[in-house]
Amino acid sequence: MNKYVAPVDFIQHKRDGGEHAGGELRAFINDYMAGKVADYQMSAWLMAVWHRGLTLDETLALTDALLASGRRLDLSGLGRRVVDKHSTGGVGDKVSMVLGPLVADCGAIFGKMSGRGLGHTGGTVDKLESIPGFHTSIDSAAFKQQLGEIGICIAGQSADLAPADNRLYALRDVTATVDSNPLIAASILSKKLAGGAGAVVMDVKVGAGSFFKTRGHAHGVSHLMREVGKRRGIEVEVIMTSMEQPLGHAVGNTLEVLEVVQTLKGNGPDDLVDVVVALATRLLTLSDLGWSPEQAEKEARRRLSAGSAMGKFNQWIEYQGGDTRFIDDPGALAAAPHREMVRAQGSGWVESIDALAIGRTALSLGAGRRRREDKIDHSVGLLLRAKVGDRLEPGSELAEVHAADAGAGRDAAAAVAAAYRISASQVEPASVLLD
Ligand code: URA
């Protein structure tokens with residue numbers, strides 16, 4: 001392995017637009033993990049990368065170094081191909097909780113490690129923890145066993161898989177260096193490779209409520225993730241979906257879990273169903289079932305509208321310790337003490353709903369965390385009664401705020417009203433599927 005001379009030379013090389021040799025890059029990451037490179041030096045290098053970028057070879061070397069910093073799950077003993085899904089994060093994104101049981105009900109093996117939410121986007125693990133008793137701390141032996149027995153597991157991100165990414169991500173989060181395509185691709189792919197899946201479908205969100213504000217930016221990172229996947233032996237497919245308005249109606253942990261149940265019973269909102277079916281079609285086609293895309297789409301749609309994946313959902317929640325009474329009785333989950341309805345002032349059509357503003361409002365209600373150590377309130381959030389394209393009359397319901405108290409409810413109601421833009425002329429909702 002070639003070795004750089006000193007961290008400062010390495011940082012300067014990238015600052016001045018140079019390219020790193022793979023061995024040097026790996027040594028730099030190893031030295032960081034060994035405490036020989038300081039956080040401030042790593043932060044400076046990350047900023048140099050943000051400005052100068054990384055070549056494909058450098059991105060591959062970084063992916064390898066992040067992966068090599070921890071263990072790699074070996075799922076080959078299952079004798080089945082495990083499929084995984086990753087979202088770049090959005091508002092109201094409860095897709096994994098519908099998609100997982102749906103593809104497992106079709107006979108595929110769905111294994112996913114998921115993060116906690118930070119900032120205005122929620123995390124699947126936090127949402128699942130709204131269910132009393134449900135646990136997500138699952139070690140690799142139990143992860144494997146569960147996949148073998150019931151075909152689905154969603155666990156918290158294990159600390160010993162790609163630990164260098166964990167540390168780098170924490171620095172990126174506070175140094176304005178998250179939104180760099182090569183850093184994103186290496187971060188996501190190192191974790192996916194460590195998790196042992198054979199194929200992964202990425203849901204790259206585009207729009208106000210997501211990381212990628214434009215399709216151009218999303219295209220760049222999608223291409224790079226496919227390329228890194230191809231060269232490291234994991235099939236990566238990418239779909240792009242809109243995050244111009246929140247997905248579905250519910251935003252907030254318990255409320256989203258209840259919307260998942262409705263969707264699995266066949267009564268889901270159209271945009272959520274469209275995203276789930278698009279992802280299921282690709283996952284089932286990439287799995288070892290040998291299905292064509294046409295068969296996969298037909299079967300996913302049929303099972304979703306017939307409510308037939310509900311049994312798999314029930315089995316999965318029970319397996320991970322959850323009390324399943326909420327499936328038939330929504331009141332079994334803790335509800336927020338205060339509700340406030342936001343109503344339209346005039347008539348017209350909903351033209352847009354600012355997803356970022358909605359995400360931030362849910363965060364201010366306590367549904368998310370600003371810092372990693374914050375506690376979240378699972379019961380609070382928003383139910384958007386009107387979505388883009390809906391016709392409004394004066395007094396029509398726009399959204400219901402679920403808050404911890406009246407003051408928080410009032411503040412949130414004002415913020416939600418401001419997030420709705422109303423048009424005097426008819427608005428046709430655009431498809432949530434972009435590519
Ligand atoms: N999600 C990740 O896991 N890593 C990134 O860099 C960005 C989003």
Side-chain angles (χ1 to χ4, degrees), residues 25 29 32 42-43 45-51 53-54 58-67 69-70 72-73 84-91 93 95-96 111-126 136 154-197 200-207 209-214 217-229 232 234 236 238-241 243 356 359 368-369 372:
L25 216 155
I29 299 293
Y32 176 62
M42 182 55 82
S43 301
W45 180 74
L46 290 167
M47 186 56 85
V49 171
W50 190 92
H51 282 286
L54 295 177
E58 289 176 308
T59 307
L60 288 164
L62 179 60
T63 308
D64 294 342
L66 298 176
L67 174 63
S69 68
R72 187 169 184 177
L73 261 186
D84 187 2
K85 168 259 177 186
H86 185 85
S87 160
T88 55
V91 180
D93 183 357
V95 168
S96 296
K112 174 169 173 54
M113 297 208 181
S114 199
R116 291 187 182 278
L118 192 63
H120 73 279
T121 64
T124 301
V125 163
D126 294 319
T136 55
I154 300 185
Q157 185 67 38
S158 168
D160 56 357
L161 303 185
D165 175 64
N166 219 350
R167 289 193 53 197
L168 255 60
Y169 195 87
L171 284 184
R172 288 167 58 207
D173 204 30
V174 293
T175 57
T177 51
V178 169
D179 56 343
S180 147
N181 286 358
L183 295 179
I184 292 170
S187 163
I188 293 177
L189 265 299
S190 62
K191 284 182 292 214
K192 294 294 154 194
L193 287 163
V200 55
V201 179
M202 308 273 177
D203 178 6
V204 175
K205 306 265 180 217
V206 186
S210 80
F211 237 39
F212 305 111
K213 306 297 179 206
T214 66
H217 192 183
H219 264 296
V221 81
S222 303
H223 174 73
L224 190 55
M225 289 195 291
R226 269 195 294 262
E227 207 49 43
V228 172
R232 288 298 177 262
I234 181 170
V236 176
V238 183
I239 71 163
M240 282 189 221
T241 63
M243 194 32 72
L356 179 59
R369 51 174 80 76
R372 274 173 209 278

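Both ligands and their constituent atoms are indexed starting at 1 by order of listing. Everything quoted here is computed from the prediction, not taken from an experiment. For reference, positions follow the sequence shown, starting with 1.
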Looking at Tyr169, which atoms of ligand 1 are within less than 4.0 Å of one of its heavy atoms? 4 (N), 5 (C), 6 (O), 7 (C)
Is a side-chain donor or acceptor of Lys85 paired with a backbone partner of Lys112 at a separation under 3.5 angstrom? no
Whether Ile188 lies under 4.0 Å from ligand 1, heavy atom: yes
Just to confirm my output: which protein heavy-atom neighbour is closest to atom 4 (N) of ligand 1, and how far is it? Ser187 OG, 2.7 Å
Side chain or backbone, does Asp165 bring an N or O within less than 3.5 Å of an N or O on ligand 1? no
So which atom in Val91 and which in Met243 form the shortest heavy-atom distance, rounded to 0.1 Å? N-SD, 3.4 Å
Derivation and outcome, side chain to side chain donor-acceptor pair (under 3.5 Å), residues Asp93 and Ser87: CA-CA 8 Å; Asp93 183 357; Ser87 160; 2.7 Å; yes
Looking at ligand 1, does Ile184 have a heavy atom less than 4.0 Å from it? yes
Shortest non-hydrogen contact between Thr88 and Lys205, atoms and distance: OG1-N, 3.0 Å
In the protein, what heavy atom is nearest to atom 3 (O) of ligand 1, and what distance, to one decimal place, separates them? Lys191 NZ, 2.4 Å
Would you sort out whether Asp179 and Trp50 count as a side chain to side chain contact (heavy atoms under 4.5 Å, CB included), showing the intermediate values? CA-CA 8 Å; Asp179 56 343; Trp50 190 92; 2.9 Å; yes
